[in-house]
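These notes are about the structure you will find just below.
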Amino acid sequence: MKSEPGDFSIDDLQRVGTEPWTGVRNYQARNFMRQMQVGDGVLFYHSNCEVPGVYGIAEVASTPYPDPTQFQKTSKYYDPKATHEQPRWELVDVQFSRKLRRPLPLSEIRGHADALGEEFELLRKGSRLSVMPVTGAQWKRLLSLE
DNA sequence: GCCAACGTTGGC
DNA sequence: GCCAACGTTGGC
């Protein structure tokens, strides 16, 4: 799961413990969240920053439920087309597990593209998804770099 | 349904 | 700041 550290970083998650993952407004990313289950592992990725990459590990702490910010007119995530009867956007709660011993920069992850496989979404050309799946094998390979 | 215009993401 | 890639919007 990607986050801009200026907005919400792994340190912020460590401080608050658990955070509702508000603001995802992309259907594909939403659909991936819908498939999440309590206890699923999360790689916490810092995007749009000096050194983009994986910085920590978190855990899915709730089943998916409607993102409350879609109903809040004052929120930048407000969606006028969403209703309580027919919500459009869902989220899960994300719970801090740990920071990595060292960050894994995207530049370094690229060096392991072959091992991670073609279907590794983060390295796909043009991939902009803020929520994407990682297989068990990819998870292991990434964390072995730590 | 097509597609141009526009907005956003995010690496560099 | 630049720009490629992609998603969304809205006119037709």
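Naming: A, B, ... by sequence-line order, numbering from 1 per chain. Heavy-atom basis, side chains included; hydrogens, waters and symmetry copies ignored.
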Inset, instruction - Verify the contact: side-chain N or O of A:K125 to OP1 or OP2 of C:dA5, cut-off strictly under 4.0 Å; return yes or no. - result: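 Yes, within the criterion.
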Legend entry - Any donor-acceptor pair under 3.5 Å from A:K2 side chain to A:L129 backbone: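 The answer is yes, because a donor-acceptor pair under 3.5 Å joins these two groups.
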Legend entry - A:R128 versus A:S47, side-chain donor and acceptor atoms under 3.5 Å: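 The criterion, which ignores hydrogens and geometry beyond distance, is not satisfied for A:R128 and A:S47.
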Legend entry - A:Y45: which of A:P52, A:S3, A:P5 passes side-chain contact (heavy atoms from CB on, under 4.5 Å): A:P52
Inset, instruction - Could you check A:V16, A:T18, A:L13, A:D40 and say which one makes a side-chain contact (heavy atoms from CB on, under 4.5 Å) with A:V94? - result: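 Going through the options one by one, the only one that passes is A:L13.
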Legend entry - Residues forming a salt bridge (charged side-chain N to carboxylate O under 4.0 Å, His left out) with A:E146, sequence neighbours excluded: A:R98, A:R101
Inset, instruction - Any chance you could list the contact pattern along nucleotides 7-12 of chain B? Use B for base contacts, S for sugar-phosphate-only contacts and - for none, protein heavy atoms under 4.0 Å, 5' to 3'. - result: BBBBSS
